[in-house]
Number of protein chains: 2
Amino acid sequence: MWETRHPPTQESFDPSKKTIVVLGSGWASTSFLKAVNTDDYNVVVVSPRNYFLFTPLLPSCTVGTIDVRSLVEPIRFITRHKSRDVKVYEAECTDIDPEKKLLTIVDSSDVKGESSVSTIPYDYLVIGVGAQNQTFGIKGVEQYGCFLKEVWDAQKIRTKLMDCIETAAFPGQSPEEIDRLLHMVVVGGGPTGIEYAAELHDFLVDDLTVWYPELAGKIKITLVEALPNVLPAFSKQLIEYTESTFKEQNITIHTKTMVKEVREKEIVVKKSDGTDASIPYGLLVWATGNTMRPMVRNLMNKLPESQTVRRGLSVDDWLRLQGSEDIFALGDATATKYAPTAQVASQQGKYLARVFAQLATTEKLEDELASAPAEEKAKKLRKYQKSQDIQPFKYSHQGSLCYVGSDKAIADVPFAQGNLSSGGVATFAFWRSAYVSNIFSGRNRWLVITDWTKKTLLGRDISRE
Amino acid sequence: MWETRHPPTQESFDPSKKTIVVLGSGWASTSFLKAVNTDDYNVVVVSPRNYFLFTPLLPSCTVGTIDVRSLVEPIRFITRHKSRDVKVYEAECTDIDPEKKLLTIVDSSDVKGESSVSTIPYDYLVIGVGAQNQTFGIKGVEQYGCFLKEVWDAQKIRTKLMDCIETAAFPGQSPEEIDRLLHMVVVGGGPTGIEYAAELHDFLVDDLTVWYPELAGKIKITLVEALPNVLPAFSKQLIEYTESTFKEQNITIHTKTMVKEVREKEIVVKKSDGTDASIPYGLLVWATGNTMRPMVRNLMNKLPESQTVRRGLSVDDWLRLQGSEDIFALGDATATKYAPTAQVASQQGKYLARVFAQLATTEKLEDELASAPAEEKAKKLRKYQKSQDIQPFKYSHQGSLCYVGSDKAIADVPFAQGNLSSGGVATFAFWRSAYVSNIFSGRNRWLVITDWTKKTLLGRDISRE
């Protein structure tokens, strides 16, 4: 513990080494940053957020089961433990010039200094900026919906949820208006949408029935999904288990239902039978997936011949950007055959650090080869050729987990040749332990366990901040 | 613990009982609410915040020593344990009609229902709405300064503090601009200002020197106070102790210095020698005291003959509003001979609950007296007269405490006939235990202790949310 909080002094920036600039501080970038060897490289991190966020537990934050602080790990807690000084800039990269190998970075926070735009050079660039929320251009989503991707999203949902409940309790509210205010709608049946609905259900049953007995019976949760079923990544059996659990919990699921427009107090949907309907709501959580960030689109336009997939950046099997020698990309910013999950991003980050380790070896051998005496050349050449032989990235699926409420979870875990599907309270224990063992640092592990204990002993907080 | 989280069912609203409406949920109102007997009265609470905030530890939240959630106690956690159902409205009282005994309440949150303005009747009104920040009409304070009174104030300071530090680390910042961004200025030498400066110092020394070694030596803290010394409520010896502790910690104190204007990046002050000076700053915390809320001013204008003190509501020795029979006022909303402290407000709340208990007895005896047979009249009358004999409010000072940084605190505690003054690390232990034992519920006590333990073991968080 002492060592964690008192890192030793670091070697300084070495102009003779190549410089890697890492964009982003999510799963992909952070996992790369943890694994990259700063003996070989100078490293610079550019991210508009100076922390890593453990996103899988974010739905728990919206109802106060876990505190957002517990899911956050400052990037400097990682960089200060590297052997060489790593620069961290809280800034957004707005433009990449692949010709001159220059980045434009902008201080996008509220506090700006004299210098708030700058250009920085790179030798290698690692793009792990993730993606932004997909709204499919549907009118009103940005304005009235709540997303669930960032720390402030969770805080906004929490405030809005408590406000809906307090406003329903305001004197003179009509019964229809109370029903509207207490109708919580989730759009999107992926793990985020399901886990949010599940946490919301727990909050209503465990806490609101006690503290707002007059409203408890009137709260409704509805999940809207355009596809024929929720959780497409899970086995049929677990989808059915989730659907029946939700039925028991009085969470309504509307599948094959498309959202056409979001208005301030209602959403307009096209139902499975082709007719339109209006659903009044108090809180709308939008959890339907990803789309590219503008900066990524901008870069793709600069490489029109090699960047032709419209979902995201195309990379080769070694995560090198198509059309560039010095740029690598990973995680949700890329369009690969893998799902946009934390698991994929984190494995890619670790893999890319190995690629860079081999690059360093190769370059060292190249230098040695150039200056080697004739009798050693053949041996060195073999070694050099071997060093270039880097295995392509291969994803190893560790399984899918999802919390479905009432202390139950579901898991699809690869086992022997097939899949092991399980659901229930035991799976919930597994879900918790898997999340805890996955949480990056000992510090955050301790914080999350404390939060769970707090919640069990003291209940959740119902104040509206 | 089980009982705390599973309160029994409550008696319902009784039209034959009188109704007390309580405005606010700070120290005064919450302390009244805890003590009032709902067997005798119907109670309604109106407050724009549905929680009580333990304000003395708020400076600790700005640097992440304590989480704001730990200092917050939802009002419903209290009202659900009263014998009779208590209505809680998250709303602001905008107007009081003392003639018709009616209140106008407005839902001031972002989520509004069909009904967002309403009038509610009262038999008795308890005004404990506190005060708002005093800016003395100085230009720019509202726009550029940060206050330290509410949960969101602490959150805003934290975000801004981290932003100043990250912006100072942005590439290309000039040395002067770095100095400006890392200059933290506190205006006001009362306990809030002193404790904020102290917490900030601890954060810089304990955390920033480790995680931002390149900036650590450049951060400066300055405290500006118009009076000749800080902490006017403390003894001379403790003022000197504080001033010398601050000197050791490199916190500059400018006394006899008046702020004339606040600009975006500098404050203009009039120094003790009469000349003007400009102080560039990155973060400005404004902690100079209280002024009346508009609603209180509005009520005073309706009672021009009895409400003549311009500092706040005038009340008699029984906390009854001058010029009204049914309105009581307490805490920072009033202009009394006492300082506007949590201690005074909380004692007034408890006292007022006793006044109401006696009022109930008196009224019951009045009824009995009216219908009593002649031979019992004299006895009843004596009892009745005795019941009217309520002692006036008397404040009992338990002492003043202030944290001054580096695990040191100061205390002025009344002892025998005089005062016991002490300062240092032992006083810090006393400061902590006094705060912990004062924190209202067992739940919050546990939360704050957990936070202190977390901080000791894991350090503070440096992420900017």
Side-chain angles (χ1 to χ4, degrees), chain A residues 1 5-7 49-51 64 67-69 72-74 76-77 80 88-91 105 107 109-116 118 120 151-152 155 159-160 162-164 166-174 177-178 181 210-212 282 443 446-447 450 454 457-459 461-465, chain B residues 1 5-7 49-51 64 67-69 72-74 76-77 80 88-91 105 107 109-116 118 120 151-152 155 159-160 162-164 166-174 177-178 181 210-212 282 443 446-447 450 454 457-459 461-465:
Chain A
M1 201 73 92
R5 288 181 56 196
H6 299 84
R49 279 169 274 313
N50 73 0
Y51 54 85
D67 194 277
V68 281
R69 288 276 170 81
V72 150
E73 184 178 19
R76 279 187 177 76
F77 284 8
R80 269 292 279 125
V88 181
Y89 297 131
E90 190 189 81
I105 67 168
D107 180 355
S109 70
D110 286 341
V111 176
K112 284 185 183 57
E114 259 171 23
S115 166
S116 63
S118 189
I120 56 171
V151 161
W152 50 87
Q155 285 163 336
T159 304
K160 212 163 173 186
M162 291 317 299
D163 267 345
C164 281
E166 291 290 355
T167 298
F170 193 84
Q173 222 63 281
S174 71
E177 186 67 351
I178 293 177
L181 285 162
V210 179
W211 309 117
Y212 298 77
R443 182 179 160 275
W446 206 84
L447 290 171
T450 311
K454 267 193 207 171
L457 290 175
L458 307 172
D461 183 17
I462 55 162
S463 56
R464 191 261 313 175
E465 285 133 34
Chain B
M1 203 72 95
R5 289 182 54 196
H6 298 84
R49 279 170 275 311
N50 73 0
Y51 55 84
D67 194 276
V68 281
R69 288 277 170 80
V72 149
E73 185 177 19
R76 279 187 176 76
F77 284 9
R80 270 291 280 126
V88 180
Y89 297 131
E90 189 189 82
I105 66 169
D107 179 356
S109 69
D110 285 341
V111 176
K112 284 186 182 57
E114 258 170 24
S115 168
S116 63
S118 189
I120 56 171
V151 161
W152 50 88
Q155 286 163 335
T159 304
K160 214 164 170 184
M162 292 316 301
D163 267 345
C164 281
E166 291 290 356
T167 297
F170 193 83
Q173 222 63 277
S174 70
E177 186 67 350
I178 293 177
L181 285 162
V210 179
W211 310 117
Y212 298 78
R443 182 179 159 275
W446 206 85
L447 290 172
T450 310
K454 266 192 208 172
L457 290 176
L458 308 173
D461 184 17
I462 54 161
S463 57
R464 190 263 312 176
E465 282 133 36

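To find a chain, count down the sequence lines: A is the first, B the second, and so on, and within it residues start at 1. Below, each value reflects all heavy atoms present in this structure, side chains not excepted, and no hydrogens, waters or symmetry copies.
When B:R49, B:E73, B:K112 are compared by the number of non-hydrogen pairs under 4.5 Å with chain A, B:K112 comes out ahead.
Both the backbone and the side chain of A:I105 come within contact range of chain B, each with at least one heavy atom under 4.5 Å from a heavy atom of that chain. Using a 4.5 Å cut-off between heavy atoms, A:T450 touches chain B through its side chain atoms alone. Both the backbone and the side chain of A:Q173 come within less than 4.5 Å of a heavy atom of chain B.
Considering every non-hydrogen atom in both A:E166 and B:V88, the closest pair reads OE1-O, 4.4 Å. Nearest heavy atom pair, residue A:T167 against residue B:G113, reads CG2-N, 3.2 Å. Nearest heavy-atom pair, B:E114 versus A:S174, reported as atom, atom and distance to 0.1 Å: OE1-OG, 3.2 Å. Of all non-hydrogen atoms in B:D107 and A:F170, the two that sit nearest each other are N-CE1, 3.7 Å. Between B:A169 and A:Y89, the closest heavy-atom pair is O-CE2, 3.3 Å.
A side-chain donor-acceptor contact under 3.5 Å links A:S115 to the backbone of B:P171.
Rounding to the nearest 0.5 Å gives a distance of 10.5 Å between CH2 of A:W152 and OG1 of B:T159. The distance from the CD atom of A:Q155 to the CD atom of B:Q155 is 6.5 Å, given to the nearest 0.5 Å.
Counting only heavy atoms from C-beta outward, the side chains of B:V210 and A:R76 never approach each other to under 4.5 Å. For the pair B:V111/A:K160, a side-chain contact is recorded, criterion being any heavy-atom separation below 4.5 Å from C-beta on.
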